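Residues take their numbers from the sequence shown, with the count starting at 1. All of these numbers come straight from a predicted model, not from anything done at the bench.
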Amino acid sequence: MSYDAIIIGGGPGGSTAGSVLAQAGKKVLILERERFPRFHVGESLIPYGNDVLREIGAWDKMVAHGFMEKLGAEFVLGNSKAGINIIFGRYLNPRYAQTFQVERAKFDNLLLENAASLGCEVWQETKVKEAKVTDEGVSVTCEKDGQVHEVSARWIMDASGRDAFLGRQMKLPKTDLGLPKKFATFAHFRGVKRNDAPYHGHITIVRLDFGWFWMIPLDAEKTSIGLVQTLEHFKATGMNPGECFEHVVASSTELQSRMAGAERVTEYNFAGDYTYRHLQNAGPRWLLIGDAAGFIDPIFSSGVMLAIRSGHAAAKEVVAADAKGTALTTKAQKRYTKRVGEMCEVFLNMIKMFYNNDSFEVFMDEHPPKGMEWAVNNLVAGNTRMGWRLRFHVWLFYAVCTIHRRKAIVKKIDFSDPRTAAAPADAEAEVATPVS
């Protein structure tokens, strides 16, 4: 069987690429290892992915589905001594004033069904075993329903997530970006205290001295909560992931006030050692999308946006090359790699700022200059296409961070929490009733 394009992975990046290609009249096969809907982490969207969702016809379906509206983000200290509230609509065009919190099982299934409705052929529960890539096209061996299939296409796109199928098979060079390895523990809870309306759909980031928690309201009752810390710190605790999660909650004034009496409704899930970026994201007949190209850190919820934006860009490169009847030129390969890299670079700079306590103090300043507040609002919303004015104010923000690291110019942050010393040895008793 022959196709114009084969896409490995039916998540947001793969579904978006497939949708764009199908809209251009291409014959597309999406190979998905799992059966949707399925659980996945990364549940908070950011506004600068909205345009792509509208273009592929998914936005109205999301509105109709009733996903939790997200109007901004809240950053607070674990000891409850400081916090800031970022509201997208304060500075952004109305198209970017709101996005959604999404339960990924439902969201990813919606995007995959959207791709199928546009004409993509979707094979679920299909394992890709091998891809033979040449400058003319690709031959893929996969297994479905216990049978081995051989399919071919002019193009292959890897949207396999952190499995990074093509990256591993082709032994593509990659970097850890100089960031320490992280470890995340997460689950869904019921009965978590919410912010007052209209900010009840905000993501809340609770910053600790050694890491942070996310709190993402998914619907009227369910909240996704995760702890991110360095792998080194986690190992030093000597606890298993669930014990560590519960101990940290019991040791934090802010977390305890929000989670006291909450009920955990899923098992704990884990993810670790996940920081990397491939240095080459495209070849003559292949392109890497989303996490298959690289994953940095979940702190600013960039994962889904980078997946759908890179999936959109990859598909547009393929459509343009097909119009000329050629493979991707060296220039096009570099252009796509550069574009993905530039998007990642914006978030990488923010991530480094967040984990540096001095820079984080600038970020948490309650009374920043208006231009800097506008710049930070754009960054948190995911605006990676910067005009000169935004670029200048972003540069100014990081310049202030650098100066503050040498000489204090904003209020210092005290991370100490009286609950830390008083936290019980059996933290679970004070945290959340576990799922039965």
Report yes or no: is the cationic atom of Arg277 (NZ for Lys, CZ for Arg) closer than 6.0 Å to the six-membered ring centre of Phe295, at no more than 45° off its axis?
no
Looking at Arg104 and Glu43, does any basic side-chain N land under 4.0 Å from a carboxylate oxygen?
no
Parallel, tilted or perpendicular: ring planes of Phe234 versus Phe183, cut at 30 and 60 degrees
parallel
Only counting residues at least two apart or in another chain, list the ones meeting side chain to side chain contact (heavy atoms under 4.5 Å, CB included) with Glu232.
Thr230
Just checking, any donor-acceptor pair under 3.5 angstrom between side chains of Arg190 and Thr223?
no
Give, for atom NZ of Lys106 and atom CE of Met62, the distance between the pair rounded to the nearest 0.5 Å.
13.0 Å
Under 3.5 Å, is there a donor on one side chain and an acceptor on the other for Tyr355 and Trp212?
yes
Is Asp163 salt-bridged to Arg33, going by a charged N under 4.0 Å from an acidic O?
yes
For Phe300 and Phe363, take the angle between the two ring planes, folded into 0 to 90°, and tell me which bin it lands in: parallel under 30, tilted 30 to 60, perpendicular over 60.
perpendicular
If we only count heavy atoms from C-beta on, is the Phe186 to Thr266 side-chain gap below 4.5 Å?
no
Would His149 and Glu143 satisfy side-chain hydrogen bond (donor to acceptor under 3.5 Å, both in side chains), going step by step from the backbone distance to the final call?
CA-CA 6 Å; His149 300 265; Glu143 185 176 341; over 6 Å; no
May I ask you to decide whether Asp51 forms a salt bridge with Arg95, counting only side-chain N to carboxylate O separations under 4.0 Å?
yes
Between Lys70 and Ser44, a side-chain donor and acceptor under 3.5 Å:
yes
Just checking, is any N or O donor in the side chain of Asn50 or Thr99 under 3.5 Å from an acceptor N or O on the other one?
yes
Mind telling me whether Trp59 and Phe100 have parallel, tilted or perpendicular rings, with 30° and 60° as the class edges?
tilted
Would Trp214 and Ser224 count as having a side-chain donor-acceptor pair, cut-off 3.5 Å?
yes
Atom CG of Leu288 and atom CE of Met170: how far apart are they, to the nearest 0.5 Å?
8.0 Å
Ring center gap for Tyr268 and Phe245 short of 6.0 angstrom
yes
Tell me whether Arg154 is salt-bridged to Asp322, with the criterion being a basic N under 4.0 Å from an acidic carboxylate O.
yes
Distance in Å, Arg389 CZ paired with His393 NE2, rounded so as to fall on 0.5 Å steps
6.0 Å
Is any side-chain heavy atom of Arg391 closer than 4.5 Å to a side-chain heavy atom of Val394?
no
Do the charged groups of Arg35 and Glu125 touch, with an N to O distance under 4.0 Å?
yes
Scan side-chain atoms only and decide if Arg309 and Thr384 contain a donor-acceptor pair under the 3.5 Å cut-off.
yes
Taking 4.0 angstrom as the limit, do Lys334 and Glu317 come out as a salt bridge?
no
Ser252 (side chain) donor-acceptor with Gly78 (main chain) under 3.5 angstrom:
yes
Indicate yes or no: at least one non-hydrogen side-chain atom of Asp108 is less than 4.5 angstrom from one of Val102.
no
Should Gln101 and Ile203 count as side-chain neighbours, where that means a heavy-atom distance under 4.5 Å?
yes
So, do His202 and Phe75 sit near enough that their side-chain heavy atoms are less than 4.5 Å apart?
no
Please answer whether the main-chain N or O of Val340 pairs with a side-chain N or O of Ser310 as donor and acceptor at a distance below 3.5 Å.
no
Met386 and Val346, any side-chain heavy atoms less than 4.5 Å apart:
yes
In Å and rounded to the nearest 0.5 Å, what is the CG to CD1 distance from Asn281 to Ile289?
10.5 Å
Any donor-acceptor N or O pair under 3.5 Å, side chains His312, Glu55:
yes
Ionic contact status for Lys27 with Asp4, cut-off 4.0 Å:
no
Quick check: are there more than 12 heavy atoms from other residues, nucleotides or ligands sitting under 6.0 Å from NZ of Lys127?
no
Test Arg385 against Asn378 for side-chain hydrogen bond (donor to acceptor under 3.5 Å, both in side chains), laying out the working first.
CA-CA 10 Å; Arg385 295 179 179 176; Asn378 272 267; over 6 Å; no
For His278 and Tyr276, take the angle between the two ring planes, folded into 0 to 90°, and tell me which bin it lands in: parallel under 30, tilted 30 to 60, perpendicular over 60.
perpendicular
To the nearest 0.5 Å, how far apart are CD in Glu263 and NE2 in His188?
14.0 Å
Distance check, rounded to the nearest 0.5 Å: Leu71 atom CG versus Asn195 atom CG?
11.0 Å
